[in-house]
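Please read these numbers as outputs of a predicted model, since none were measured by experiment. We count residues from 1, following the sequence as given.
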Amino acid sequence: MSTEHPDLASAPEAKIPDQSTLEWHEGDMPYSQEFGDHFYCREDGRLECGHVFLEGNGLPQRWARQPDFTIGELGFGTGLNFCETWRQWKEARTPDGRLHYVSFERFPMQADEIGKALSHWPEITAERQALCAVWPKQPSGHVTLDFSGGLRLTVACGNAFDQIQNFDPIFDAWYLDGFAPRRNPDMWSEDLMRRVHGKTVEDGTFATYAAAGFVRRNLQAAGFAVERKKGFGSKREMLSGVKSSSGVA
């Protein structure tokens, strides 16, 4: 979600805002005033999604081996990661494949805001239009939407720390995509990473654009084997990893 890539020694103190106010930069680039951050990479958020979240989790290749798959995401934001994942799912799914995409979002956007942000990418026009057509006017609680091709979207609105604990599905892969760690450290805390780990299947994976030192250590403390990889574009590094009893990523 973030455009920042700090290499922090420790998590800073930051107050969690109780609302989210959008600004629009360069026409269709959403920016959160409260978090002081853009919603996605300014180089190309859709391509970053493919590099970081899909490739970082071994997707779409894993769908051929595991046609019933559940993705968890921290930070739905504009729905960009969902729409790009959906686009690739349509190309790669097996005939009986089912994908449940579950995202945890404290401040869900309105349909017109989602549509404006995603209009930048003609490659996901069909997915954007389908999502906006059924997105509720006042999203709250658990928003569950079923689409063709064996796809279900659930957006759990509210605090991710509380929502994950009360959520039933066990996740095969995670997209960790909160705002920049130094601007939203609670989204990267050790306690939250432990909850993510506890809801992940054995050999389940995660990927994130973030490579801050405290993020890496919190993921390791939670029980993930963590690996540094080449980041997208100008970002030097990203992180990916696996929940494995062997401790090897």
Is the shortest heavy-atom distance from the side chain of [X] to the side chain of [Y] under 4.5 Å?
| X | Y | answer |
| --- | --- | --- |
| L59 | F69 | yes |
| L118 | C83 | yes |
| I71 | D172 | no |
| N57 | R62 | yes |

Tell me whether [X] contacts the main-chain N or O of [Y] through its side chain, where contact means a donor paired with an acceptor under 3.5 Å.
| X | Y | result |
| --- | --- | --- |
| D162 | G158 | no |
| H51 | G56 | no |
| W135 | M109 | yes |
| E73 | V102 | no |
| T208 | L176 | yes |
| E105 | G77 | yes |
| R93 | L99 | no |
| N159 | F161 | yes |

Q) Under the ring pair (Phe, Tyr, Trp, His ring centres under 6.0 Å) test, which residues partner Y175, sequence neighbours left out? A) F53, Y101
Rounded distance (nearest 0.5 Å) linking atom [atom1] of [X] with atom [atom2] of [Y]:
| X | Y | atom1 | atom2 | result |
| --- | --- | --- | --- | --- |
| M187 | M193 | CE | CE | 8.0 Å |
| H142 | C157 | NE2 | SG | 8.0 Å |
| F104 | R195 | CZ | CZ | 11.0 Å |
| N184 | D186 | CG | CG | 6.5 Å |
| E227 | E237 | CD | CD | 11.0 Å |
| L74 | S103 | CG | OG | 7.5 Å |

Q: May I ask you to decide if the ring planes of W89 and W63 are parallel, tilted or perpendicular, using 30° and 60° as cut-offs?
A: perpendicular
Q: Determine the interplanar angle of the Y209 and W188 rings, folded into 0 to 90°, and report it as parallel if under 30°, tilted if 30 to 60°, perpendicular if over 60°.
A: perpendicular
Q: For Q163 and A156, work out which heavy atoms get closest and say how close.
A: OE1-CB, 3.7 Å
**Q.** Atom of T125, atom of P122 and distance for their closest heavy-atom approach
**A.** OG1-O, 2.9 Å
Just checking, any donor-acceptor pair under 3.5 angstrom between side chains of [X] and [Y]?
| X | Y | value |
| --- | --- | --- |
| T200 | W174 | yes |
| D96 | T94 | yes |
| R228 | S240 | no |

Q: Walk me through it: do H197 and F224 pass the test ring pair (Phe, Tyr, Trp, His ring centres under 6.0 Å)?
A: CA-CA 7 Å; H197 183 271; F224 287 105; 4.9 Å; yes
All N/O donor-acceptor pairs, side-chain side in residues 144-153, below 3.5 Å, sequence neighbours left out:
{"residue": "T144", "atom": "OG1", "partner": "T154", "partner atom": "OG1", "Å": "3.3"}
{"residue": "D146", "atom": "OD1", "partner": "R152", "partner atom": "NE", "Å": "2.6"}
{"residue": "D146", "atom": "OD1", "partner": "R152", "partner atom": "NH2", "Å": "3.4"}
{"residue": "D146", "atom": "OD2", "partner": "R152", "partner atom": "NH2", "Å": "3.1"}

(Q) I'd like to know whether K243 forms a side-chain contact (heavy atoms from CB on, under 4.5 Å) with D203, so could you lay out the CA-CA distance, the side-chain angles of the two residues, the decisive distance to 0.1 Å, and finally the verdict. (A) CA-CA 5 Å; K243 176 180 179 177; D203 296 323; over 6 Å; no
Q | Working for side-chain contact (heavy atoms from CB on, under 4.5 Å), residues V201 and F171 | A | CA-CA 6 Å; V201 300; F171 298 90; over 6 Å; no
Q.
Could you go through D44 and W121, starting from their C-alpha distance and side-chain angles, then the distance that decides it, and tell me whether this counts as side-chain hydrogen bond (donor to acceptor under 3.5 Å, both in side chains)?
A. CA-CA 9 Å; D44 192 314; W121 293 281; 3.1 Å; yes
Q.
Count I, L, V, M, F, W, Y as connected when their side-chain heavy atoms are under 4.5 Å apart, and connections chain through other members. Are F167 and I170 then in the same cluster?
A.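 No, separate clusters.
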Q) Given the rule that I, L, V, M, F, W and Y join up when any side-chain heavy atoms are under 4.5 Å apart, are V134 and I114 in one cluster? A) yes
**Q.** Salt-bridge present (E190, R217; N to O < 4.0 Å)
**A.**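 No salt bridge links E190 with R217.
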Q: Could you name each residue pair satisfying salt bridge (Lys or Arg N to Asp or Glu O under 4.0 Å) that touches residues 75-91, not counting sequence neighbours?
A: R46-E84, E84-R87, R87-E91, K90-E127
Q: Step by step, work out the side-chain contact (heavy atoms from CB on, under 4.5 Å) result for R98 and T70.
A: CA-CA 8 Å; R98 294 185 300 173; T70 302; over 6 Å; no
Q.
Between F232 and K235, is the side-chain contact (heavy atoms from CB on, under 4.5 Å) condition met? List the steps.
A. CA-CA 5 Å; F232 174 78; K235 294 181 180 179; 5.5 Å; no
